[in-house]
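Report on the structure given below.
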Amino acid sequence: MQYKNLHKWNVSPAEAIDIQKDLRKRIVVSHQPSAFKNVRYIAGADISCNRLSPLGYAVVVVMRFPDLEIVEEKWVKGEITFPYIPGLLAFREAPILLKAFEKLTIEPALIIFDGQGIAHPRGMGIASHLGIILNKPTIGCAKSKLFGTYKEPGENKGDFSYLYDNRENVIGAVVRTKSNTKPVFVSIGHKIDLQTSIKVIQQCTKNYRIPEPIRLAHNLVNRLRNKSSVVSHQHSEIADS
DNA sequence: GCGACAG
DNA sequence: ATCTTGTCGC
């Protein structure tokens, strides 16, 4: 999968904020839900990092839609250097995620990210940021809130409420993907509308709170990290003995 | 000054 | 996110 480098990543937090403010103007908000009637492939992406080393993994899983069969999985191992700073998640995760996207041979019509889209202090969460760079429709689906106010949605699967910024604008939705379970925070990433985003998230959710594309990406990234920790443990045992 | 704060 | 033990519910 191809993309254009729009800016550098090894920047200071202040420079990162300037980049986000600049990219904000380039978000495309779609108003045509019907445009996704013939979606064939949906991707989910996630990373995993070790507390002790800068080495981490990134995974992209592509699934056929709407049957959600896995059609491609790509992963990379690499350094994750930028620290986690609320509001600057993309600067930590995007560089290694892009390396995984480079390996994709199947072009997904839509990508779901584990994090916010426009439901962000500067309207530039990781889903919007990577949507612009990859030039693809994207959705942000986070496990918790970063920004905005909302009322708790109903307790049944399918119930949702809206997320608002401090001027009463709708910036996302709080969606109950599983009954009696914490909701997820859905927002537009790029080139999509909120109604479609909610619908896609619901159609990608089976028996778990987290929609399948990012749930499986998360699973794989953790399997990779655990596998490598077993190997290094064996090495240390050999060294100790 | 204080609380909130994706992963 | 990661680490980490038991515990509550479907």
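Please read these numbers as outputs of a predicted model, since none were measured by experiment. Numbers restart at 1 for each chain; the letters A, B, ... are given by sequence-line order, proteins then strands.
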Under 4.0 Å protein heavy-atom contacts per nucleotide of nucleotides 4-10 of chain C, with B for base, S for backbone only and - for none: -------
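- Using a 4.5 Å cut-off between side-chain heavy atoms of Ile, Leu, Val, Met, Phe, Trp and Tyr, with links allowed through other members, A:Leu134 and A:Leu89 fall into the same hydrophobic cluster.
- A distance of 12.5 Å separates NZ in A:Lys191 from CD1 in A:Ile27, rounded to the nearest 0.5 Å.
- Under 4.0 angstrom from either OP1 or OP2 of C:dA1 there lies no side-chain N or O belonging to A:Asn50.
- Taking the six-membered ring for Trp and the full ring otherwise, the centers of A:His129 and A:His7 sit less than 6.0 Å from each other.
- A:Ile42 CD1 to A:Phe65 CZ: the interatomic distance, rounded to the nearest 0.5 Å, is 4.5 Å.
- Using a cutoff of 4.0 Å between basic side-chain nitrogens and carboxylate oxygens, A:Glu107 and A:Lys136 are scored as salt-bridged.
- For A:His218 and A:Tyr208, the ring centers are positioned 6.0 Å apart or more.
- Salt-bridge formation is not detected for the pair A:Glu102/A:Lys99: no Lys NZ or Arg NE/NH1/NH2 atom is positioned less than 4.0 Å from an Asp or Glu carboxylate oxygen.
- A:Asn207 comes within 4.0 angstrom of nothing in the nucleic acid, heavy atoms only.
- A:Trp9 has its ring centre no less than 6.0 Å from the ring centre of A:Phe82.
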For nucleotides 2-7 of chain B, read 5' to 3', which letter fits each nucleotide if B means a protein heavy atom sits under 4.0 Å from the base, S means only the sugar-phosphate is that close, and - means neither? ---BBB
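- Residue A:Ile96 contributes atom CD1, which lies 14 Å from atom C1' of C:dA1 at whole-angstrom precision.
- Taking a pair as Watson-Crick or G-U wobble with both distances under 3.5 Å, DNA chain C forms no stem of 3 or more consecutive pairs.
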If you apply the rule salt bridge (Lys or Arg N to Asp or Glu O under 4.0 Å), what do you find for A:Glu152 with A:Lys182, and how did you get there? CA-CA 10 Å; A:Glu152 201 67 23; A:Lys182 285 200 329 176; over 6 Å; no
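- Counting only N and O atoms by type, the side chains of A:Tyr84 and A:Glu93 include no donor and acceptor under 3.5 Å apart.
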